[in-house]
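For reference, the structure is listed below as structure tokens.
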Amino acid sequence: MADEKLPTQKENYAEWYNQLVLKAELADYAPVRGCMVVRPYGWALWENITSWLDNEFKACGHVNAAFPTLIPMSFFEKEKEHVEGFSPELAVVTHGGGEKLEEPLVVRPTSETIIGHMYAKWIKSWRDLPILIVQWGSVLRWEMRTKLFLRTTEFYWHEGHTAHATKDEAMEEMYRILDIYEKFCLEEAAIPVIKGTKSDTERFAGAQITTSIEAMMWDKRALQSGTSHYFGPNFSKAFDIQYLDQGNTLQYCETTSWAISSRIIGALIMVHGDDQGLVLPPRLAPIQAVMVPIYRDADQKSAVMPVVDRLFAELKAAGIRVKVDDREEVTPGFKFNDWEMRGVPLRIEIGPKDVEKNSVALARRDIPGREGKSFVSQDNLPATVTGMLTTIQAALLAKATAFRDANIHDPKDYEELKQVVEDGWAYSWWCESKECEAKVKADTKATTRNIPLNQPGGEGRCIVCGEKATRKVYFAKAY
RNA sequence: CGGGGUGUAGCGCAGUUGGCAGCGCACCGCGUUUGGGACGCGGGGGCCGGCGGUUCAAGUCCGCCCACCCCGACCA
């Protein structure tokens, strides 16, 4: 239960975030360092995220499956970049059944290797392709610094792993998924994102191309909110994933993988949250509207509650995720604050005056205080509420988009870039050299986020070295 | 791994020259309250992070260890 005020976002953003996660009962610290317990409210939110994505994946031919948590250590050594990228953060099982294992087992940090191994068994012919499998589960990465949802030792996600006959098909798959991720962020999470390609230094270990969607948090830092990778034949060669083509020639498969993790919940918190707490987009909110009955005594209660019950039934029948807060031990005022902390998009207050006037009071979470309150008729309440939820969903996206756009700058020179990334993003021409990228990082701590797919065209001069550049990139400090 | 900090009731903390372990919130009971975080009265709850040492006596002094949090180098 929310028992205290949060620090404001300006006072202490990190502390605002931590306390919000705990007080909104999204998650709690687990007894193991860096691990979290996702509480029922947080998991309900996650389920709304996963079920939407699951539907989208299935709609374009993907199927779900499950692979083991434990992976032979030797699998990780088969792809050079992959093992180099992941070995620092592997958790390794050395004992089982009271005895030392002959070969250590890795708790999966991602499943390319074991899935590659299985694909090699399953794929013989061009007729077996493509394989489009998604695994829902959790993975473990030994992180040095953790933060609830944003970076935890164990986190939840889906990982899509696909194998194709040709490069074109694999590339198409990578971009198809990136589009789904973008659609999810815009339409469900109300988070504007930028689709783009990662630089070589920011690429996934073992990938030929890594694409990402990048979002701006309230503190103007960037959060990579989803990734989609093209591996070319890297993993196929490491794991012997080969097929016979129509001409009876043995070919290596082209593979991809892609993921959105429970980190996206951190993005929802940081993009929409305010000093009162969480603000959830209606399409993902576990509770879209909460009803708070108001009465002084038994007489008023017996007048109010039948109306509450009737309206609740109507709203529920209309498919709205609605809850009645009928707790007796706390005051309405407390409930207002409590549900605001939890980010419920719409509050419906019903008291004696409303019973008399056939009205209810609606309070929008995204517009705090009096301005967000309106008094509407009880007639056709489901339609009114549905309309309001749609309005709120759109308002959140519009607000987040305006905020992001206002904080992306096009610095004139390197000096200005250094200032800009202190409190925003820079969108600049870049020669794509590691040296210039490293210089920016060393000088400012900002990294390249991605090279957007959507380019202005033409060419310019690298913001760092002044050499010819053909593409623009986003520089920002990132989570 | 480096720097900083904290470990005492579920949470937040106080605890003096070493001398019966406390306060606020939360929790339980009863009553009054209820349109923006109500109040009164009465309760329950402790291996004081762990181990060792000093002492008649340790939450307090000394040593070692452990854990967690915050700030830096890697990552979705």
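As the structure is a prediction and not an experimental result, all values here were calculated from the model. Naming convention: chains lettered A, B, ... in sequence-line order (proteins, then strands); numbering from 1 in each chain.
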Aromatic ring pairing A:W157/A:F155, orientation class (parallel under 30°, perpendicular over 60°, tilted between): perpendicular

For the [atom1] atoms, the ones on [N] and on [M], what distance do you get once it is rounded to whole angstrom?
{"N": "B:C70", "M": "B:C28", "atom1": "C1'", "value": "36 Å"}
{"N": "B:G63", "M": "B:U54", "atom1": "P", "value": "15 Å"}
{"N": "B:G7", "M": "B:C65", "atom1": "C1'", "value": "14 Å"}
{"N": "B:G46", "M": "B:C62", "atom1": "C1'", "value": "25 Å"}
{"N": "B:C51", "M": "B:G15", "atom1": "P", "value": "24 Å"}
{"N": "B:G44", "M": "B:G49", "atom1": "C1'", "value": "25 Å"}
{"N": "B:U8", "M": "B:C48", "atom1": "C1'", "value": "4 Å"}
{"N": "B:G31", "M": "B:G37", "atom1": "P", "value": "25 Å"}

Sugar-phosphate only, base, or nothing, as touched by A:R370 at under 4.0 Å among non-hydrogen atoms: nothing

Suppose we screen for side-chain hydrogen bond (donor to acceptor under 3.5 Å, both in side chains). Which residues come up paired with [X], at least two apart in sequence or across chains?
{"X": "A:T384", "result": "none"}
{"X": "A:E349", "result": "A:R347, A:K373"}
{"X": "A:D275", "result": "none"}
{"X": "A:R283", "result": "A:E188"}

Summary of ring-ring contact (aromatic ring centres under 6.0 Å, His included) pairs that have at least one residue in residues 172-191 of chain A, sequence neighbours excluded: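 Every ring-ring contact (aromatic ring centres under 6.0 Å, His included) pair that includes a residue of residues 172-191 of chain A, provided the two are not neighbours, is A:W52-A:F184, A:H158-A:Y181.
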
Which residues satisfy the ring pair (Phe, Tyr, Trp, His ring centres under 6.0 Å) test with [X], sequence neighbours excluded?
{"X": "A:F76", "value": "A:H82"}
{"X": "A:H117", "value": "A:F75"}
{"X": "A:Y156", "value": "A:W43"}

Intra- and interstrand pairs of RNA chain B - dot-bracket, Watson-Crick/G-U under 3.5 Å, | marks other strand: (((((((..((((.....[..)))).((((((.....)))))).....(((((..]....))))))))))))....

Starting at [atom1] of [X] and ending at [atom2] of [N], how long is that distance when rounded to a whole Å?
{"X": "A:R342", "N": "B:G37", "atom1": "CZ", "atom2": "C1'", "value": "13 Å"}
{"X": "A:D28", "N": "B:A26", "atom1": "CG", "atom2": "C1'", "value": "15 Å"}
{"X": "A:F334", "N": "B:C25", "atom1": "CZ", "atom2": "C1'", "value": "11 Å"}
{"X": "A:D338", "N": "B:A38", "atom1": "CG", "atom2": "P", "value": "11 Å"}
{"X": "A:E329", "N": "B:C27", "atom1": "CD", "atom2": "P", "value": "8 Å"}

For residues 472-479 of chain A, which side-chain donor-acceptor pairs fall under 3.5 Å, sequence neighbours excluded?
from: A:K472; atom 1: NZ; to: A:D410; atom 2: OD2; distance (Å): 3.0
from: A:K477; atom 1: NZ; to: A:E422; atom 2: OE1; distance (Å): 3.4
from: A:Y479; atom 1: OH; to: A:D219; atom 2: OD2; distance (Å): 2.6

Tabulate protein N/O versus nucleotide N/O from nucleotides 31-35 of chain B, keeping only pairs under 3.5 Å, one per line.
from: B:U34; atom 1: OP1; to: A:R296; atom 2: NH1; distance (Å): 3.1
from: B:U34; atom 1: O2'; to: A:Y295; atom 2: O; distance (Å): 3.1
from: B:G35; atom 1: O6; to: A:G351; atom 2: N; distance (Å): 3.4
from: B:G35; atom 1: O6; to: A:G351; atom 2: O; distance (Å): 3.4
from: B:G35; atom 1: O6; to: A:P352; atom 2: N; distance (Å): 3.2
from: B:G35; atom 1: O6; to: A:K353; atom 2: N; distance (Å): 2.9
from: B:G35; atom 1: O6; to: A:D354; atom 2: N; distance (Å): 3.4
from: B:G35; atom 1: O6; to: A:D354; atom 2: OD2; distance (Å): 3.3
from: B:G35; atom 1: N1; to: A:D354; atom 2: OD2; distance (Å): 2.5
from: B:G35; atom 1: N2; to: A:E349; atom 2: OE1; distance (Å): 3.2
from: B:G35; atom 1: N2; to: A:D354; atom 2: OD2; distance (Å): 3.4

When you compare the protein's N or O atoms with those of nucleotides 69-75 of chain B, which come within less than 3.5 Å of each other, and at what distance?
from: B:C70; atom 1: OP1; to: A:N18; atom 2: ND2; distance (Å): 3.3
from: B:C71; atom 1: OP2; to: A:R145; atom 2: NH2; distance (Å): 2.2
from: B:G72; atom 1: OP2; to: A:R145; atom 2: NH1; distance (Å): 3.0
from: B:C75; atom 1: O2; to: A:R151; atom 2: NE; distance (Å): 2.4
from: B:C75; atom 1: O2; to: A:R151; atom 2: NH2; distance (Å): 3.4
from: B:C75; atom 1: N3; to: A:R151; atom 2: NE; distance (Å): 3.0
from: B:C75; atom 1: N3; to: A:R151; atom 2: NH2; distance (Å): 2.5
from: B:C75; atom 1: N4; to: A:R151; atom 2: NH2; distance (Å): 3.4

Note, A:P345 side chain near A:L389 side chain (heavy atom, < 4.5 Å):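 The answer is yes; the side chains approach within 4.5 Å.
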
Considering all heavy atoms, the nearest A:A163-A:Y119 contact: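 Shortest heavy-atom separation between A:A163 and A:Y119 comes out as CB-CD2, 3.9 Å.
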
